[in-house]
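Side chains included, hydrogens not; waters and symmetry mates left out as well; all remaining heavy atoms used. Sequential numbering from 1 along the given sequence is applied to the chain's residues.
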Amino acid sequence: MQNEPTTKEIGKLGEQLTCKYLKKHGYSILEINYWRKWGELDVIAKKNNIVYFVEVKTFSYQTKEKLEYAVTHETWRPEEQVHQFKLHQIEKALETWIKDTHYKGEWKVAVAGVRIVPRETFATVNFIENVIV
C-alpha cells in the first residue's frame, strides 16, 4: 500500500502544477519559494511586463469523484485560505523582493487554488490574477 503524501509534499505538488499552468498560459517563472523570515512568496511569475506574486493553496482528495463533487457543490475552496494575515506576510515579502531586485514595474498579487487527486494524477487550478492587498 502506498503512503499518503504529506502536507508539505501536497504543497510542493500544488506549486509545481501552478507553475505548469502559468507557463501554459504565457507566464514566465522568475522564482519559486522566495523566503524571508517574515514571509514567503510561493511563485513569482511575469506576463506582459507585470510581475505576479502567486500564493498557492492546495487541497488533496482521495478520488476524482470527491474532487468533482466539491467543485460542483461549491464546498470549501483552497483559495479561501488566503486570509488578511497571510496577505500581510505576502506584502512584506514582496516589498523585500522588489527592493532586493530593484524592480520598478507593475505588479499584482495572485492566488492559485489547486485541488489534486494524487493517486489518479488529476488536478484543477483556479487562478485568481489580481487580489487586493
Side-chain angles (χ1 to χ4, degrees):
M1 186 169 154
Q2 187 179 13
N3 289 340
E4 293 295 317
T6 65
T7 303
K8 190 171 188 164
E9 290 168 336
I10 294 292
K12 289 289 177 204
L13 184 55
E15 290 169 357
Q16 291 168 359
L17 290 167
T18 297
C19 288
K20 185 176 180 179
Y21 172 91
L22 291 171
K23 288 177 185 175
K24 181 179 177 184
H25 288 89
Y27 294 77
S28 57
I29 306 302
L30 302 180
E31 200 161 341
I32 301 169
N33 300 123
Y34 174 85
W35 186 87
R36 295 295 181 264
K37 61 184 172 185
W38 47 86
E40 179 186 13
L41 302 169
D42 293 331
V43 177
I44 304 170
K46 191 171 188 177
K47 181 178 180 181
N48 299 330
N49 292 317
I50 300 171
V51 169
Y52 292 84
F53 300 99
V54 184
E55 176 65 16
V56 180
K57 291 295 180 187
T58 308
F59 190 75
S60 68
Y61 295 83
Q62 293 293 321
T63 65
K64 186 176 176 183
E65 289 78 25
K66 287 183 180 182
L67 184 154
E68 288 172 344
Y69 179 87
V71 171
T72 58
H73 289 78
E74 297 183 9
T75 62
W76 177 84
R77 300 176 317 155
E79 53 274 26
E80 292 172 349
Q81 291 300 96
V82 183
H83 299 291
Q84 198 58 44
F85 178 75
K86 184 62 179 173
L87 289 172
H88 181 66
Q89 289 180 308
I90 293 167
E91 184 178 23
K92 289 191 294 184
L94 74 83
E95 287 172 354
T96 304
W97 184 88
I98 288 169
K99 185 178 177 186
D100 287 351
T101 61
H102 307 287
Y103 182 71
K104 303 263 189 256
E106 186 178 346
W107 58 267
K108 295 180 181 182
V109 174
V111 175
V114 182
R115 298 178 194 230
I116 63 172
V117 183
R119 292 181 187 175
E120 300 177 29
T121 52
F122 179 81
T124 65
V125 177
N126 181 26
F127 185 66
I128 304 168
E129 192 175 89
N130 193 15
V131 178
I132 298 172
V133 179

Quiz item: Is it the case that one hydrophobic cluster holds both Ile98 and Trp38, taking links as side-chain heavy atoms less than 4.5 Å apart, direct or via other members?
Solution: no
Exercise. Examine Val51 and Ile128 and state if one hydrophobic cluster contains both, with Ile, Leu, Val, Met, Phe, Trp and Tyr joined whenever side-chain heavy atoms are less than 4.5 Å apart.
Key: yes
Qualifying residues under side chain to side chain contact (heavy atoms under 4.5 Å, CB included), relative to [X], sequence neighbours excluded:
X      : value
Ala93  : Leu41
Asn49  : Lys46
Tyr52  : Tyr27, Lys47, Ile50, Val54, Lys108, Ala110, Glu129
Ile116 : Ile10, Leu13, Leu17, Thr58, Ser60, Val114, Pro118, Ala123

Quiz item: Quick one: does Ile29's side chain get under 4.5 Å of Lys23's, heavy atoms only?
Solution: yes
Quiz prompt | Qualifying salt bridge (charged side-chain N to carboxylate O under 4.0 Å, His left out) pairs, either residue in residues 10-19, two or more places apart | solution = Lys12-Glu15
Practice problem: Please collect all salt bridge (charged side-chain N to carboxylate O under 4.0 Å, His left out) contacts where either partner lies in residues 34-45, sequence neighbours excluded, each pair once. | Solution: Arg36-Asp100
Working to the nearest 0.5 angstrom, can you tell me the gap between [X] [atom1] and [Y] [atom2]?
X     : Y      : atom1 : atom2 : result
Tyr21 : Asn126 : OH    : CG    : 7.5 Å
Gln89 : Lys92  : CD    : NZ    : 6.5 Å
Ile44 : Cys19  : CD1   : SG    : 10.5 Å

Quiz item: What is the ring orientation for Trp107 with Phe53, classed by angle as parallel under 30°, tilted 30 to 60°, or perpendicular over 60°?
Solution: perpendicular
Practice problem: Classify the ring geometry between Trp97 and Tyr103 as parallel (under 30°), tilted (30 to 60°) or perpendicular (over 60°). | Solution: tilted
Quiz item: Among Val109, Val111, Val131, which residue meets the side-chain contact (heavy atoms from CB on, under 4.5 Å) test with Ile90?
Solution: Val109
